[in-house]
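First comes the structure, then the notes that go with it.
Remember, predicted model here, so these are calculated numbers, not experimental data. Order of the sequence lines fixes the chain letters, A, B, ..., with proteins taken first and strands second; residue numbering starts at 1 for each chain.
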Protein chains: 2
Amino acid sequence: MTDPNQPPAAARPTRAQQRRRTESRILGAARQLFAERGYDRTTIRAVAAAAGVDAGLVMHYFRSKDELFAHAAKLPPDDFPTGAPQEVAEALLASLGKRLAAEPVASLAVLRSMLTHSEAAAGFREAAGQRLEQMQSVIPAADAELRAGLVSAIITGVIIERYLVRVGRLADAPPESIIDLLRPCFQALTGAPTPPTSSP
Amino acid sequence: MTDPNQPPAAARPTRAQQRRRTESRILGAARQLFAERGYDRTTIRAVAAAAGVDAGLVMHYFRSKDELFAHAAKLPPDDFPTGAPQEVAEALLASLGKRLAAEPVASLAVLRSMLTHSEAAAGFREAAGQRLEQMQSVIPAADAELRAGLVSAIITGVIIERYLVRVGRLADAPPESIIDLLRPCFQALTGAPTPPTSSP
DNA sequence: TCGTTCAATCAACGTCTGTTCAACGAAGGG
DNA sequence: CCCTTCGTTGAACAGACGTTGATTGAACGA
């Protein structure tokens with residue numbers, strides 16, 4: 001039945017396969033725990049237990065807790081759509097819509113840990129910096145940098161209150177309603193160079 | 001010169017005075033450290049050292065680290081101005097302006113710790129809940145709860161990126177420019193019941 | 001088949017943490 | 001004046017943490 005030269009890999013996994021398998025199990029457990037409890041409250045023993053291995057093995061694969069976090073919380077490259085200058089707002093809203101539907105766990109791990117772990121903060125600043133540069137280049141205003149920072153702050157605040165602190169209606173509101181309410185905000189921040197100031 | 005019945009309290013402090021003095025010194029040090037490092041990374045020994053006392057004394061005054069945090073991070077009652085329904089946005093902007101000029105340390109302590117310490121998260125939810133109720137009562141819209149939550153999320157995001165993560169221009173931008181850029185956002189969120197949807 | 005490699009385990013170390021307890025010394029009251 | 005009260009200290013404990021080293025047993029190459 002089975003070809004001895006090419007075993008179907010389901011009977012008995014090769015050594016490299018087994019290694020990659022447990023390594024990814026460890027990474028998955030670490031991501032989950034870092035996202036739920038943050039860096040400090042996540043112990044290597046807990047990660048090992050969740051992955052079904054010994055704590056020493058985690059140290060053998062990733063040489064320290066910091067390095068484990070760096071691998072587990074590596075953010076996927078942001079798919080920021082550099083649309084036409086006028087449609088930046090809509091592109092940003094679409095991007096936010098994806099994150100509101102299901103925020104990736106690695107991103108939550110970084111967000112949860114960035115206030116207490118310096119490397120997580122650095123990772124967040126780097127990811128935010130990339131988005132800021134891309135936004136600045138398409139926002140036609142002298143204070144583009146500040147405007148981009150405000151958009152980033154809004155996104156961060158919404159995701160934190162929705163996934164990490166779970167306050168009020170934000171936690172379970174459908175993404176479309178949030179996007180619809182945020183649309184005029186993003187349009188104003190990415191749009192006219194000097195918005196009309198309506199103070200008496 | 002000095003009335004022996006009412007010593008000027010500068011010569012030799014009475015026992016109760018001394019107690020209140022060191023107690024407030026401990027609270028101040030705790031606030032500062034909780035705001036800078038968060039709950040987990042702040043040790044009782046570090047608080048005691050910063051206050052110039054022994055660690056055992058901190059435990060004697062506040063019976064546990066949790067209780068110390070509860071006292072140090074007690075938020076001042078929010079002075080939310082319940083203005084006329086049309087001027088809610090401006091009142092919110094003014095309130096944000098104060099916090100952008102100098103955010104109180106106790107508030108930063110709660111914000112820094114709320115992602116990893118459950119009691120800090122509860123304190124944040126309580127403070128946010130009060131603001132949400134007050135905002136809902138003056139926002140004329142069916143989805144007032146979600147709108148209020150978004151305003152809260154924006155404020156939280158801006159303050160976190162300004163004081164806690166320090167990303168981009170947000171960290172050092174003058175409060176007025178931030179408020180000016182955020183004005184159309186707050187007006188849209190607190191204003192028209194159904195903002196015009198500009199999707200093709 | 002034999003020796004090597006390597007995934008995986010186990011026990012232990014040193015350190016840091018929150019917390020406790022006995023003790024001291026000066027202020028307060030009678 | 002003495003005895004009590006109480007702010008304050010120092011040492012110590014038990015637990016949890018990141019990290020290390022020796023060890024085992026099965027897969028691997030020759």
Smallest separation among heavy atoms of A:L189 and A:R147, with atom names: O-NH1, 2.8 Å

Nearest atoms (heavy-atom pairs only) where B:A46 meets B:R37: CB-NH1, 4.1 Å

Nearest to side-chain heavy atoms of B:V53, which nucleotide of C:dT19, D:dT9, C:dT9: D:dT9

Nearest-neighbour nucleotide for the A:D54 side chain, C:dC10, D:dG18, D:dA12 considered: C:dC10

Listed nucleotide nearest any side-chain atom of B:T43, set D:dG7, C:dT17, C:dT9: C:dT17

Selected nucleotide, minimal atom distance to A:Q18 side chain, candidates D:dG7, D:dG18, C:dA7: C:dA7

Within 45° cone and under 6.0 Å: B:R99 NZ/CZ vs B:Y163 ring: no

Residue closer to the 5' end of DNA chain D, B:G52 versus A:D66 (nearest nucleotide): B:G52

Distance below 4.0 Å between B:T22 side-chain N/O and D:dT8 OP1 or OP2: yes

A:R19 side-chain proximity, nearest of D:dT19, C:dA7, D:dG7: C:dA7

Touch class at under 4.0 angstrom, heavy-atom based, for A:F62 against every strand present: nothing

B:M59 CE - D:dG7 P separation (whole Å): 16 Å

Sugar-phosphate only, base, or nothing, as touched by A:R15 at under 4.0 Å among non-hydrogen atoms: base

Side-chain heavy-atom pair B:V165, A:T156 within 4.5 angstrom cut-off: no

Minimum-distance nucleotide to A:L57 side chain [options: D:dT8, C:dT19, C:dA8]: C:dA8

B:Y61 side-chain N/O to D:dT8 phosphate OP1/OP2 under 4.0 Å: yes

Earlier contact from the 5' end, DNA chain D, for A:G56 and A:R41: A:R41

B:V105 side chain reached by B:Q32 side chain, heavy atoms, under 4.5 Å: yes

Nucleotide C:dG18, atom P - distance to CZ of B:R45 in whole Å: 7 Å

